[in-house]
Amino acid sequence: MLPHHVTVGPPDAPALVLIHGFPFSLEQWRPQLDGLEDAWRVVAYDLRGHGQSATGPGPLFIEDLVDDLVELLDHLGLESACLGGLSMGGYIALRAVDREPSRIHGLVLADTKAGADDNAGRVKRAQAAKTVRAKGMSAFADGLLPALFPKERLDPPTSAVREVRAMIEATSPEGAALALGAMASRLDLRERLADIRVPTLVVVGEDDTLTPPAEAEALVAGIPDATLVRLDGAGHVSNLEAPDAFTDALRAFLERMHPRT
Ligand code: MLT
């Protein structure tokens, strides 16, 4: 299914494709779209059931989301791209580089991890899917925001908190429920990290408690050519809480991959 997407920057520049977290939308990447469009072709898209992309039938698997990504790359005429994902976006990016290595020449993994859910995590996903269908996205946001942001940023809410709430509330409950199922059934890719053959940038917010810095360190230890950037003053949604530092890290990484003479 071709996802709804936006593209900015010079059409002939090297491409960076960005995948948002759960249950957000491509709007999550607005600071990076604005900050990189002078020199890079940046594409951001809405996962199925999020933002303006259709929900489609269930059940949903990470494999379907990788298929959608490949369809998008084909649609854009991109034989290969640098791929970046935050959290659930990172789960998809990791599976994509594992399954479709010829389509990806650089990887950005932000606030994410390679392991799968454990049994307790799967039970929580199933309960969350029921809650979201029964109570809707506003109630779901009330429960999720304290896991995404340190307490002191919730009251009064920072601009990042307000933006994240707006994205969560705009997601379709069915889309969120299906995404929870896809995350619950995702593969454990820890053993596959050593096979990643592309330069990789790992970014983590110092205050991320959902996928803490130790998870980022494990990614860097497992991936042969990986570097770590830790962002002060940022939690799980690090690209919105430290937008300039995140964009600078992306720019430095892109410049390293595509040196300009
Ligand atoms: C996300 O931000 O995408 C989610 O926190 C990922 C997850 O629930 O595992």
Side-chain angles (χ1 to χ4, degrees), residues 3 18-29 32 44-51 53 60-62 64-66 68-69 83-96 108-132 137 140-150 153-154 160-161 163-173 175-190 202-205 207-216 218-219 231 234-242 246:
L18 294 170
I19 315 176
H20 62 78
F22 167 83
F24 311 149
S25 73
L26 66 79
E27 290 304 323
Q28 179 191 346
W29 296 114
Q32 287 69 44
Y45 70 97
D46 289 329
L47 295 170
R48 284 190 197 193
H50 296 70
S53 286
L60 180 68
F61 298 93
I62 295 290
D64 299 310
L65 299 171
V66 173
D68 291 349
L69 169 68
L83 184 63
L86 184 138
S87 199
M88 181 183 179
Y91 305 158
I92 298 164
L94 274 166
R95 180 59 182 142
V108 180
L109 300 170
D111 302 281
T112 194
K113 61 185 175 191
D117 286 2
D118 60 13
N119 285 351
R122 291 191 173 120
V123 171
K124 271 174 80 179
R125 300 273 195 210
Q127 280 166 350
K130 270 193 207 158
T131 305
V132 93
M137 294 311 290
F140 189 66
D142 291 342
L144 184 59
L145 288 172
L148 299 178
F149 295 95
R153 293 186 209 142
L154 291 172
V161 172
E163 284 162 33
V164 166
R165 177 180 276 283
M167 288 189 287
I168 296 173
E169 290 181 348
T171 302
S172 95
L178 292 178
L180 284 160
M183 287 192 284
S185 68
R186 76 187 188 279
L187 296 175
D188 183 343
L189 294 172
R190 285 175 297 180
V202 178
V203 185
V204 68
D207 305 327
D208 186 347
T209 51
L210 269 184
T211 45
E215 293 285 0
L219 288 170
L231 298 178
H236 187 61
V237 196
S238 63
N239 80 299
L240 283 180
E241 288 204 280
F246 194 107

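Just so we're clear, the structure is a prediction, and the values are computed from it rather than from any experiment. Whatever order the structure lists ligands and atoms in, that order sets their numbers, starting from 1.
Residue contacts with ligand 1, taken as heavy atom pairs separated by less than 4.0 Å, involve Arg125 solely via side-chain atoms from C-beta onward. At a heavy-atom distance under 4.0 Å, only side-chain atoms of Leu210, from C-beta outward, approach ligand 1.
For ligand 1, the polar-atom distance check against Gly21 finds no nitrogen or oxygen pair separated by under 3.5 Å. Inclusion of Leu148 in the set of residues having an N or O under 3.5 Å from an N or O of ligand 1 is not warranted.
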side-chain contact (heavy atoms from CB on, under 4.5 Å) evaluation trace for Arg48 with Asp68
CA-CA 9 Å; Arg48 284 190 197 193; Asp68 291 349; 2.7 Å; yes
Do Leu145 and Ile168 pass the side-chain contact (heavy atoms from CB on, under 4.5 Å) test, and can you show the C-alpha distance, the side-chain angles, and the key distance before you say yes or no?
CA-CA 10 Å; Leu145 288 172; Ile168 296 173; 4.2 Å; yes
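In summary, the atoms of ligand 1 found under 4.0 Å from a heavy atom of Ser87, numbered by their order in the structure, are 1 (C), 2 (O), 3 (O), 4 (C), 5 (O), 6 (C). Within the listing of ligand 1, atoms 6 (C), 7 (C), 8 (O), 9 (O) sit less than 4.0 angstrom from a heavy atom of Met183. Short contacts between ligand 1 and Phe22, defined as distances under 4.0 Å to a heavy atom of the residue, involve ligand atoms 1 (C), 2 (O), 3 (O).
Contact check for Phe140 versus Pro173: no side-chain heavy atoms found under the 4.5 Å cut-off. For the pair Glu241 and Arg153, the minimum side-chain heavy-atom distance is below 4.5 Å. Leu189 places a side-chain heavy atom less than 4.5 Å from the side chain of Arg95.
Ring pair Phe22/His50 is perpendicular by interplanar angle, where above 60° counts as perpendicular and below 30° as parallel.
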